[in-house]
Amino acid sequence: MKIKVVDNVLLVFLVFAIIIQTLVVFRFLNYGFSEQDAVGFILLLGVVIVYLSRKKTSLQFKVVFIYLAVLIALISGLSKVGILASAKIYVPIVPLILSFVIPFKQARLVLASYFLVFVVFAFLFTQGYLDYSLAVQDYAIDLVSWSIDGAIILVVSWGLLYMSHFFISTLSEYYEKNAKQTIELADQERRYRTLFEDAGDAIILLRPDGRFFDCNYMACEYFNMSREELKGMTPVQLSPEFQYDGEGSAEKSVHNIDLALQEGAQRFEWRHKKSDGTCFDASVSLNKIVVSGEVYIQAILKDITQQKEDEKELDEYRSRLEKLVEEKTEDLAFANEALNNRNEELFQLVEQVSEQRDELEIQKNHIEMIHEQLTQSIDYAQRIQDSILPNFDSLKLLVSDRFVFFLPKDIVSGDFYWWASVEGSTVVAAVDCTGHGVPGAFMSMLGMSLLREVVQKEYVTHPAVILHRIRKEVIRTLNQCNSVNSDKDGMDMSVVSIDQKNKKMLYGGANNPVYIVRNVKENGLFDVNSPRQRRMLKGDFELLEIKPDKMPVAIYERMDRFEAVEVQLKQGDQVYLFSDGYADQFGGADGKKFKYQTFREAILGGAHKAMEEQYLELWETFLNWKGDEEQVDDVVVLGLKI
């Protein structure tokens, strides 16, 4: 842009020089040829040469030449006709200089004022009212000379003024645009680099040929290598020869990169190798991106080694627990049978009481030992169950506030809660398994395992699909069939999937409903069109109940499709998922059930309070209602605030 503007100035200067020298030729016919006229022709020749060679001449040289040419022309005019006469031709350069200092409109006013003064003085000199102080009297009274000078002044001064304005405005726009683009590019690069470096997972940029181009700090931590060491390497160099499925790492890595380039995002698990030779498992996501016109593959790695070890350890714990319970159950049955036999002998042989006492004492001690071992095993099962429940603090990262009311009837529970975040959606479930105690605990472990498999491994977030998939796996795992005598073990559950960006919630339920509470004064009433809804209004808050499908997650006489209901949530809405343990608890003055109507009123009554206060009120209400009554079932209540 600068070169083009300077070349245009050269062209204009060349045109003006040709016009001036043409006028000089006309003057030469009247006054003769002087040394200054020769300087003018040489200057014209120099402008022609520089303009013709403009493509080979540097920008700095052309700018310096323009200013030198103007200076030479000014000195030549001064030496020819003196200061006053020279001003008629060369002082119009002043507006050009002023245009760099004052606004364009003011420069035009200065030029117009100068030209008006020139016309006045031309009239005064040619009419004899003023005399020159220099020996140029003939020139001063020559109307032709004044006319020629006037034409030169008009053309040169206005042309120079407009060219300088164009030059300055063009350069200003260019520099402002360039400065703005530079700031934007620097800001974009800073934000990208900050996100790139501060990411919690390892991020690697690969060229299309599979070689590493760049990586963040976490990638260096994963492989125990520096960024310079990783650059230029390939996934094959950081992987064992074969993956878990027996396929070679070299062929499989090329195949995955080609799929990412052709079809888009790819997700898979990969076995990696560190610089010291040790291996680790990672969940890998490949995406094609374009940076500064270049195509790259962005690989995001998440270490899942500990997760796989935990799953393996959990399976081992489950197997050992099942075997231990089976063994102890057989021992207990044998001991009970032996005890019964001894009692019969005791009644028949009263005379042998003293002889049998020691043997009965031994049997008693043996039974107590078995009972203690069983209790220890169940306590151990509780620790296992507590360890696989979701971490309470992790839910704080998904919603603005929350509480979990979890109260098993026995040591281990058949009710459980579960949540996870998958691809921008938060999936939350409250599950009530058949039975409680040890049988219910086994079902809860099966339920948590199936939720993890369907949601976290298969990336399924639609509640209806989740319920359908888990029902199918429960039927298969428990070998259930449609016969009348088939067992009906299964689960009642409510599942919600919340789109974290758009705050849209999908709900699906198997016998368990969901409650949503909204401050109607701030957010208005719910806009839900579903025959499965029920509403309850109290003060500024409205409770929306969405009823479930009336069938469990198990074999059942009705095996219809589960249906999902969509609700548009708003900031401050509160979502409650629960089992039937709270509403079915007996107590109060008459020893009756608490019931769902009372439960809804308790939820609405505390909706204006923080989640921690709601939790304490629900806890106190439940204990006061239960009183001395036995707890009838496991209890779980989840409260989420959007």
Side-chain angles (χ1 to χ4, degrees), residues 177-178 180-308 421-424 456-459 501:
K177 183 178 180 181
N178 187 59
K180 184 178 180 181
Q181 291 177 346
T182 302
I183 293 172
E184 290 177 352
L185 287 174
D187 186 57
Q188 291 177 358
E189 182 179 356
R190 177 185 59 77
R191 287 183 298 193
Y192 172 77
R193 178 56 60 181
T194 300
L195 180 63
F196 186 73
E197 291 296 343
D198 294 346
D201 297 329
I203 302 178
I204 300 173
L205 290 182
L206 297 89
R207 297 185 185 276
D209 61 0
R211 295 193 176 275
F212 291 0
F213 173 72
D214 198 2
C215 64
N216 66 353
Y217 170 77
M218 287 303 298
C220 298
E221 288 288 310
Y222 274 20
F223 294 104
N224 291 333
M225 299 175 70
S226 66
R227 184 172 297 176
E228 289 70 23
E229 291 174 328
L230 286 172
K231 286 183 179 179
M233 299 187 74
T234 65
V236 177
Q237 293 173 275
L238 298 172
S239 306
E241 184 178 359
F242 297 99
Q243 293 296 313
Y244 279 127
D245 57 4
E247 189 174 349
S249 297
E251 297 81 2
K252 195 166 185 178
S253 65
V254 172
H255 176 70
N256 288 336
I257 291 174
D258 289 342
L259 285 179
L261 289 171
Q262 298 171 9
E263 302 179 6
Q266 299 293 318
R267 293 184 179 87
F268 50 88
E269 292 184 1
W270 192 265
R271 186 76 167 167
H272 291 89
K273 182 173 65 177
K274 298 184 179 182
S275 60
D276 58 2
T278 59
C279 295
F280 68 96
D281 298 312
S283 173
V284 181
S285 175
L286 296 183
N287 295 279
K288 181 173 75 172
I289 62 174
V290 179
V291 180
S292 301
E294 296 288 336
V295 177
Y296 296 95
I297 297 295
Q298 182 190 56
I300 302 176
L301 282 64
K302 184 174 183 179
D303 191 345
I304 60 172
T305 303
Q306 187 60 44
Q307 177 182 333
K308 283 188 167 293
S421 179
V422 178
E423 296 186 331
Q456 291 184 305
K457 291 189 176 181
E458 298 180 13
Y459 298 97
K501 181 179 180 181

Colleague: Output all residues satisfying ring-ring contact (aromatic ring centres under 6.0 Å, His included) with Tyr222, sequence neighbours left out; order by chain, then residue number.
Modeller: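 Listed in chain order: Phe280.
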Colleague: Could you tell me which residues satisfy side chain to side chain donor-acceptor pair (under 3.5 Å) with Gln237, sequence neighbours excluded, listed by chain and number?
Modeller: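 Expected list: Thr234.
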Colleague: Taking side-chain contact (heavy atoms from CB on, under 4.5 Å) as the test, write out the residues that go with Gln456, two or more places apart.
Modeller: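 Listed in chain order: Trp418, Ala420, Arg452.
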Colleague: Check ring-ring contact (aromatic ring centres under 6.0 Å, His included) between Phe213 and all other residues, then give those that pass, not counting sequence neighbours.
Modeller: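 If we apply the ring-ring contact (aromatic ring centres under 6.0 Å, His included) test to Phe213, skipping adjacent residues, the hits are Tyr296.
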Colleague: If you compare all heavy atoms of Pro208 against all heavy atoms of Val295, which two are closest, and at what distance to 0.1 Å?
Modeller: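 It is CD-O, 3.4 Å.
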Colleague: I need the minimum non-hydrogen distance between Tyr459 and Ser283, along with the two atoms involved.
Modeller: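 In this case the closest contact between Tyr459 and Ser283 is OH-OG, 4.3 Å.
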Colleague: Using every non-hydrogen atom in the two residues, find where Ser275 and Met225 come nearest and quote the distance to one decimal.
Modeller: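 For Ser275 and Met225, the tightest heavy-atom pair comes out as CB-CG, 3.6 Å.
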Colleague: Can you tell me how far CG of Leu238 sits from CG of Leu301, rounded to the nearest 0.5 angstrom?
Modeller: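 Separation between the atoms: 10.0 Å.
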Colleague: Measure across Ala260 and Ile297 and return the closest heavy-atom pair with its distance rounded to 0.1 Å.
Modeller: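 Taking every non-hydrogen atom into account, CB-CD1, 4.1 Å.
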Colleague: So Cys215 and Cys220, do their side chains get closer than 4.5 Å, heavy atoms only?
Modeller: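 Yes, at least one pair of side-chain atoms sits under 4.5 Å.
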Colleague: Using the salt bridge (Lys or Arg N to Asp or Glu O under 4.0 Å) criterion, which residues pair with Glu423? Sequence neighbours excluded.
Modeller: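 Applying salt bridge (Lys or Arg N to Asp or Glu O under 4.0 Å) to Glu423 gives Arg267.
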Colleague: Determine yes or no for a side-chain-to-main-chain donor-acceptor pair under 3.5 angstrom, with Thr278 supplying the side chain and Lys274 the backbone.
Modeller: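 No: the side chain of Thr278 does not pair with the backbone of Lys274.
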Colleague: Taking only residues two or more places apart in sequence or in another chain, which ones pass side chain to side chain donor-acceptor pair (under 3.5 Å) with Glu247?
Modeller: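 Testing Glu247 for side chain to side chain donor-acceptor pair (under 3.5 Å), a comparison that skips the adjacent residues, returns none.
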Colleague: Can you give me the closest heavy-atom contact between Gly210 and Ile257, atom names plus distance?
Modeller: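 Scanning both residues, the minimum pair turns out to be CA-CD1, 3.8 Å.
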Colleague: Run the side-chain contact (heavy atoms from CB on, under 4.5 Å) test against Leu259 and tell me which residues pass, sequence neighbours left out.
Modeller: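 Once residues adjacent in sequence are excluded, the partners of Leu259 under the side-chain contact (heavy atoms from CB on, under 4.5 Å) criterion are His255, Glu263, Gln266.
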Colleague: According to salt bridge (Lys or Arg N to Asp or Glu O under 4.0 Å), does anything in residues 277-286 pair up with another residue at least two apart or in another chain? List the pairs.
Modeller: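 Sorted pair list: Arg271-Asp281.
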Colleague: Calculate, to the nearest 0.5 Å, the distance between atoms CE and CD1 belonging to Met218 and Ile300 respectively.
Modeller: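 So the gap between those two atoms works out to 13.0 Å.
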Colleague: Mind checking what makes salt bridge (Lys or Arg N to Asp or Glu O under 4.0 Å) contact with Lys457, not counting sequence neighbours?
Modeller: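 Lys457: salt bridge (Lys or Arg N to Asp or Glu O under 4.0 Å) contacts with Glu311, Glu453.
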Colleague: Within the distance-only criterion (no hydrogens, no angle test), does the side chain of Asn216 pair as donor or acceptor with the backbone N or O of Asp201 below 3.5 angstrom?
Modeller: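 Yes; at least one donor-acceptor contact below 3.5 Å.
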Colleague: Given 3.5 Å as the limit, does a donor-acceptor pair link the side chain of Lys273 with the main chain of Pro240, or not?
Modeller: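 No; judged by distance alone, with no hydrogens or angles, the pair does not exist.
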Colleague: Among pairs that include at least one residue of residues 248-260, which meet salt bridge (Lys or Arg N to Asp or Glu O under 4.0 Å), considering only residues two or more places apart or in two chains?
Modeller: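 Those involving residues 248-260 are Asp245-Lys252.
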Colleague: With sequence neighbours excluded, tell me which residues meet side chain to side chain donor-acceptor pair (under 3.5 Å) with Gln262.
Modeller: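 For Gln262, no residue satisfies side chain to side chain donor-acceptor pair (under 3.5 Å) once neighbours in sequence are set aside.
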Colleague: Grab the two heavy atoms, one from Ile203 and one from Ala219, that are nearest each other, plus how far apart they are.
Modeller: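 Taking every non-hydrogen atom into account, O-CB, 4.1 Å.
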Colleague: To the nearest 0.5 Å, tell me how far Leu206 CG sits from Asp214 CG.
Modeller: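 Reported value, rounded in 0.5 Å steps: 10.5 Å.
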Colleague: Partners of Asn224 by side chain to side chain donor-acceptor pair (under 3.5 Å), sequence neighbours excluded?
Modeller: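 Result, side chain to side chain donor-acceptor pair (under 3.5 Å) vs Asn224: none returned.
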Colleague: Do Asp303 and His272 have side chains that approach each other closer than 4.5 Å (heavy atoms only, starting at C-beta)?
Modeller: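 When only atoms from C-beta onward are counted, His272 and Asp303 do not touch, as no gap falls below 4.5 Å.
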